[in-house]
Trainee: 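Before I ask anything, here is the structure I am working with.
FYI, side chains are in, hydrogens and waters are out, and symmetry mates aren't considered; it's all heavy atoms of this structure. Convention: sequence-line order gives letters A, B, ...; per-chain numbering from 1.
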Amino acid sequence: MMRWVSLAAVAALIGAVAATPARANEEIALPHQNWSFAGPFGTFDRAAAQRGFQVYKEVCSACHSMKLAYYRDLTGIGLSEAQIAAVAASVTVPDTDDDGAAIDRPALPSDHFRSPFANEKAARAANNGAAPPDLSLIIKARDGGADYLYALLTGFSAAPSTMKMGDGMNYNKYYPGNQIGMVAPLSEGRVTYADGTPASVNQMAKDVTTFLAYISEPETEMRKALGVKVVLFFLLMTCVTYAVKRKIWADVDH
Amino acid sequence: MAGLHKSDIENPVINWIDSRLPIFTMLQKEYGVFPTPKNFNYFWNFGALAMITLMIMIATGIFLAMNYTAHTSMAFDSVQRIMRDVNYGWLIRYVHANGASMFFLVVYIHMFRGLYYGSYKAPRELLWILGVVILLIMMGTAFFGYVLPWGQMSYWGATVITNLFSAIPLVGEPIVTWLWGGFSVANPTLNRFFALHYLLPFVLIGVIFLHVAALHVTGSNNPLGIDVKGPQDTLPFHPYYTIKDSVGLCLFLAIFAYVVFFAPNFFGAADNEIPANPLVTPAEIVPEWYLLPFYAILRSVPSKLGGVLMMFGSIGLLFLVPWLDTSPVRSCKFRPVYRWFLGLLVVACVVLGAVGAHRPEGIWVLLGRLGTIYYFLHFLVILPVLGKLERPLPLPESISKAVLPRGGGPLPSGAAAKPMEKA
Amino acid sequence: MAESTTATAHSSHDGDGVTKRDFLTLVMGAGAAVGAGAVAWPLIDSMNPSKDVLALSSIEIDLKPIQAGQAITVMWRGKPTFVRHRTADEIKLAAKNDGLLDPATDKERVKAGKEQWLVVIGICTHLGCVPVGNKATDNRGEYGGWFCPCHGSQYDTSGRVRHGPAPANLPVPPYAFVSDTKIKIG
């Protein structure tokens, strides 16, 4: 029937248009990685996320804040409460004492992750004018998400001779404009993993991306587990209501 | 008893209430036995779907408001607290955020249904006009709501859209300052947007009530676009259409749930996960998908005032549709030529949507202009002219004749004849 | 049933006299009820204490600065909580158990060996006012503890109600000594 043909044509067109990237982006395509947390049944690889936390702690946290996350959030990557208390106690956070004087006290699990700089101006001043972005939502806050972050962390190289680099800038294949203020943060053996995993750049990039994916969307596992049930429930209800509808309409010419 | 409504309801408690306030009689009349054309297809689900989506939006919105802080220094973090710490806060927020997209999707299909089957034509002009008012209020509500998370897109979207009013000659600048409550989008702006975002849905309920009331005066249109001739053409709304709407509702909720649970950020913009920064404009400011075609029209006109007028005109035009259409028949089923032009209008809207999502350069500029030209051409030229030129196909004598090849005999179910037994 | 006329028109009855459609309608109704309940729960639960609120449910208090005879007020879970350093006289007074409205011994309300420290939630059990008595200059009532300015309830040096209208003693929150001079409430 003509109507269905034209409807199908419109649907195909909508699909084709939707498939073109909404934001025109001349950057090169991001290589796709297999993430443990991808797909409707994905969960965070706990070991990778814990290694990633180590990378965050020993490398990223020197410059990047993660201020929306709490130490207590680390339960989601499989740390026990005692481990979290120890992690928190190993850093100090600014506070005031009972007399109102500024002090540094050991952090509690209920504290936000410590920010390396007191404020954005201080961060800017200490980093050649470019404030390191907060990492709390970094996977959601970049087009390409986890694939982008992994590509960025592994995309550092020497600049092509044709390219004139700005003062203090570094070449990165995947950064928009290819000039990034951050120095390549990862290098072979930059951290020593407790579980003996060789700390290659790719391994560390993958681990820290997994960790930051958890920090960006701590609800992921609960969301997907609940989602399977809810979608199945509504599909089942569709079938039941359709059967009832057939019965009710059985005696009507329509 | 003099002065009391004579209620037919047997339950004594309900009868007591109904005698004094006949809401049950009214519900029975408007949703129980209400005579409804028997030939609806599933396109007629979308009005009910829109109503239920609005209820979902209001319910989730009220619970979000319990945890949201409308202050520039706390709005972003309060939304993130909802996502991270409030019990099921992520679910409530994702339902609300994606619910906006689902609401527009459903309403756009509902509008397409109206255009395809000529539901705007006499005597349903006012019904259609109220529908356009609903669309405008929805757009306002969606815009205010998008500002509340106070991310980069929130801030810059608010800046760009409010600046549209600066195109008005002479009073433009004072109006924008008034809208902002200052000299840029700032805390007073966020506060009033929150107040208005909470208010408008209730205005929406009022207009929807009028929309439904007007519908129940004229009765529903139907896929054949011909008038109901008698009881043999209709079915009581309950159970026939309550159950048919339920089927569509369950399927709709399954799709809605899929988006919420497995692709909750599909319609979102990554830049809105970065807190608002008045010093840095994101590389591309893109409105939500449901506003993209209008945004494309705005950008297709190489004049500030012209673009704004065209954009608002493209919605304003919809008010005139009942009078722009000169065809003697309603349904596109019997309009072999117009049907294709309507398809072209859908294509133009989709293309304009794609244009709105891309930077205005290269092919997109041309496509944007073509889409804009066709959009206006369609309503201002094709609709009035084609109605006069086109020869409609022969209409069936009645709905029941059309659905019964052997000719409309007596209704086998007797459903419409004995409506009270259906309640 | 509402649809019975049409149901009998086309459905054959099985042995129990239940039609297939009735069964389907039942399934649909049950599904709708379950669905409505499941939808309501997240909304209701969102009003319960959130994770950040629960995470702040324990605090530590340094006892060193509190002199004998003094009491301080700290906030625990948003409630004023009294920490009182009792004198020997006050402890002796608290040992008297005659005429209690809400019988409880002082022993049950303090930690063994730390009888000088009394920790109670400072909310009058009558209608929720905060009793006075932490400062030496405050009216502590006839029993030397706390006096509620709203309706005149009086508490003794163990925080037990001695004079109505309050019906119950000031509750003792869960707490433990982390060290000799530090307690953790919650």
Trainee: Working to the nearest 0.5 Å, report the span between NZ of K245(A) and CE of M28(C).
Mentor: 13.0 Å
Trainee: Compare every heavy atom of L24(C) with every heavy atom of V240(A), then report the nearest pair and how far apart it is.
Mentor: CG1-O, 3.9 Å
Trainee: Hey, is CZ on R105(A) packed in by over 12 heavy atoms from elsewhere, all under 6.0 Å?
Mentor: yes
Trainee: Who in residues 68-95 of chain A is close to chain C, using a strict under-4.5 Å heavy-atom cut-off?
Mentor: Y70(A), R72(A)
Trainee: Can you tell me if NZ on K107(C) sees more than 12 non-hydrogen neighbours from other groups inside 6.0 Å?
Mentor: no
Trainee: Is D62(C) in contact with chain A via its backbone, its side chain, both, or neither, using a 4.5 Å heavy-atom distance?
Mentor: neither
Trainee: Counting only heavy atoms not in N34(A), do more than 12 sit closer than 6.0 Å to its CG atom?
Mentor: no
Trainee: Surrounding NZ of K111(C) (heavy atoms of other residues, nucleotides or ligands, distance under 6.0 Å), is the total greater than 12?
Mentor: yes
Trainee: A quick test of your reading: do over 12 heavy atoms of other residues, nucleotides or ligands sit less than 6.0 Å from NZ of K224(A)?
Mentor: yes
Trainee: Looking only at heavy atoms, which two atoms of S110(A) and A55(C) are closest? And how far apart?
Mentor: CB-O, 3.5 Å
